[in-house]
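Within every chain, numbering begins at 1; the chains are lettered A, B, ... in the order of the sequence lines, protein sequences first and strands thereafter. Note that this is a predicted model, so its numbers are computed, not measured.
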Amino acid sequence: MSLSTGVIGRIMQGEDVENPVLQILAIKRINSNVESERYRILISDGMYFNSYAMLASQLNHLHQAGDLEEFTIVRLDKYMTSLVGKEGVGKRVLIINELSVLKSGSEQKSKIGEPVTYENAKKTPAPAAPSIPTKKEPLFGNINSSKNNNNNNNNNNNTMNSTLNAGLTHPIASLSPYQNKWVIKARVTAKTAIRTWSNPRGEGKLFSMDLMDESGEIRATAFKEQCDKFYDLIQVDGVYYFSKCQLKPANKQYSQLKNDYEMTFTGETMVQMCEDEEDSIPEIKYDLVPISQVSNMENKAAVDTIGICKEVGELQTFTSRTTNKEFKKRDLTLVDMSNSAISLTLWGDDAVNFDGHVQPVILVKGTRINEFNGGKSLSLGGGSIMKINPDIPEAHKLRGWFDNGGGDNIANMVSARTGGGTFSADWLTLKDARERNLGSGDKPDYFQCKAVVHIVKQENAFYKACPQAECNKKVVDEGNDRYRCERCNQDFPNFKYRLLINLSIGDWTSNRWVTCFSEIGEQLLKHTAQEVGEALENDPPKAEQMFSGMNFSAHIFKLRCKNEVYGDMTRNKLTVQSVSPINYKDYNKHLIKELQQLTGIGSSN
DNA sequence: CCCCCCCC
């Protein structure tokens, strides 16, 4: 009995071939959903095979009756091809509606010819070597070269290799805890750093990754031994075969991936790099939103966007008040051609390693919106992806726009002004700030200015504060080496020093007394609050040295301005939100802009 | 088995 050699290539390009005779090489149920039982067939014409053939459900009984075994020869009496998946990344599937069995598999007993995937046939007219992986290097996980397999591993290898040889991988969307014999072929879209944990239930380490194929996405986590074993091997953007992971319901609270399940690597988990057919797994898809549009999106929504990192904030370290854990973060300001700016927060290593002074293009996927003071900002949380200077057309367009001055006059601030962090407050002179009655409204005003430190008061420059990490309340010195915190309602044998420094700063227009707290004080004095407090109490010459060291130093001050009422007195109070070294490029840009406004010379409009 | 991302 002969097959209709070569017809699969024609059928899959849309040609209507009448009654092709084909051979079934494998049949597999593609989901475990009781309501919708579907079978996927690996079917061959002796020259090409198609691993994306589906049995229409009205024919399921044929398989249940055992009529569609391996090697069965069938005639397709009615079939259709259909594009499944989203536009752009669709895959053509052969759906078999009616068929006749010409020869049973048990009678036929063997595969006819050495078929290759029809997708390859399109690229190379002459049939090439099979593109379905057989045994390829590099192999890792439990799939080793056949020579050093032990018996235990053979079973696993057989599952993976037979599936791969048959060209049958499972769509991610079909995975569930009720079925564990599967192999998926997926692109790694994100990988976390290795994280350790320690809690009453134990300790360990882990990393997790996001996997994607045409059908969907899923998160996978590797703990302890698996973490060590796979961390270096799994690379972002790579395509791999995965099998033998444990599926469990996903905790939607912690993941925005569209899957009801997530998976955990086990001792049997296998991962194999896929070097062929990578094209069949879609690239990561970004639903890029202009920054201006984020204003209209809901709090906590996930956002993909791209912008130029116009400003970079300092690395900040803080201790969470709720968990007492230490965090590192860095705020960036992204701008784009919607003439808008938004603040993006990076965490952990992303924050530590970020180099923003070159103003790179930043592409993010799955960042969370945080609402504050009516503004919106983005946070790169777990499950988010960031790409720096990605090689995509949008990035090049932005680069060109920005390098030609596109970001100089950003009109729309999507994030609230905080004065702290990176957010660019307006430039004002100290004189302007007073004359414009800044701080007289309900909310504080923020501005930045270039100023020099004139006088620093050493008196009352520190206080003794509650030693609890999350509390900075002044303690009551009970005189018996005990310190009481009223807020924590607790006695302590110790305290910590906090700074509260008054200093006079001046620019070319005026000078003002401003207040700064510990973090800023430590930065200006170049010593910790502890060192400063001890020096002030016990070593006045050393304190004098520290304090005089900051005299006449120039900085960019970001200031918070607010009227405060003391008794019947209203005072306009300035608090330092941040100090940073003068970035002359930025500062000159500001000066040139001022000059243009004053003179009307050199302004393009 | 993690799962924390504060504050303003």
The nucleotide from B:dC2, B:dC8, B:dC5 with an atom nearest the side chain of A:W347 is B:dC5

Notebook entry, point to check: Is there aromatic stacking of A:F372 against B:dC8, centre distance under 5.5 Å, plane angle under 30°?
Noted result: yes

task = Identify whether any heavy atom of A:Q246 sits under 4.0 Å from a base atom; if not, whether one sits that close to sugar-phosphate; answer base, sugar-phosphate or nothing.
result = nothing

SB check A:E217 A:R187 (cutoff 4.0 Å): no

**Q.** Ion pair check, A:D507 and A:R512, cut-off under 4.0 Å
**A.** no

Whole-Å distance, A:N251 CG to B:dC1 P, equals 9 Å

The answer to which of A:L206 and A:K329 contacts DNA chain B further toward the 5' end, by nearest nucleotide, is A:L206

In whole angstroms, the gap separating C1' of B:dC5 from CD of A:E371 amounts to 18 Å

Rounded to whole Å, the CZ-P distance (A:R368 to B:dC6) equals 12 Å

Hey, does A:N199 reach any base, or is it just sugar-phosphate, or nothing, if we go heavy atoms under 4.0 Å? sugar-phosphate

From CZ of A:F207 across to P of B:dC4 the rounded distance in Å is 20 Å

Could you tell me whether the phosphate oxygens of B:dC3, OP1 or OP2, come under 4.0 Å of any side-chain nitrogen or oxygen in A:R219?
no

From CG of A:D349 across to P of B:dC5 the rounded distance in Å is 18 Å

Sorted by chain and number, sequence neighbours left out, ring pair (Phe, Tyr, Trp, His ring centres under 6.0 Å) with A:W197 holds for A:F223

Would A:F223 count as stacked on B:dC1 if the rule is ring centres under 5.5 Å and plane angle under 30°?
yes

B:dC5 base / A:Q316 side chain donor-acceptor hit below 3.5 Å: no

Name the nucleic acid region contacted by A:S379, choosing base, sugar-phosphate or nothing; use a 4.0 angstrom heavy-atom cut-off, strictly under. nothing

Requested in this report: Would you indicate whether the side-chain heavy atoms of A:R498 and A:E519 approach each other to under 4.5 Å?
Outcome: yes

Taken to the nearest whole Å, NZ/A:K558 to P/B:dC8 is 19 Å

* Asked: Side-chain contact, heavy-atom cut-off 4.5 Å: A:M386 with A:L363?
  -> no

Rounded to whole Å, CG of A:L378 lies from C1' of B:dC6 at a distance of 17 Å

query = Does a side-chain N or O from A:K248 land closer than 4.0 Å to OP1 or OP2 of B:dC1, or not?
reply = yes

Which part of the nucleic acid does A:R195 contact within heavy-atom distance under 4.0 Å: base, sugar-phosphate only, or nothing? base

- Does a donor on one side chain and an acceptor on the other come within less than 3.5 Å for A:N370 and A:K300? yes

Rounded to whole Å, the CG-P distance (A:D228 to B:dC1) equals 19 Å

Any base atoms under 4.0 Å from A:K328, or only sugar-phosphate, or nothing? Heavy atoms, all strands.
nothing

Side-chain atoms of A:K224 come closest, of B:dC1, B:dC5, B:dC8, to B:dC1

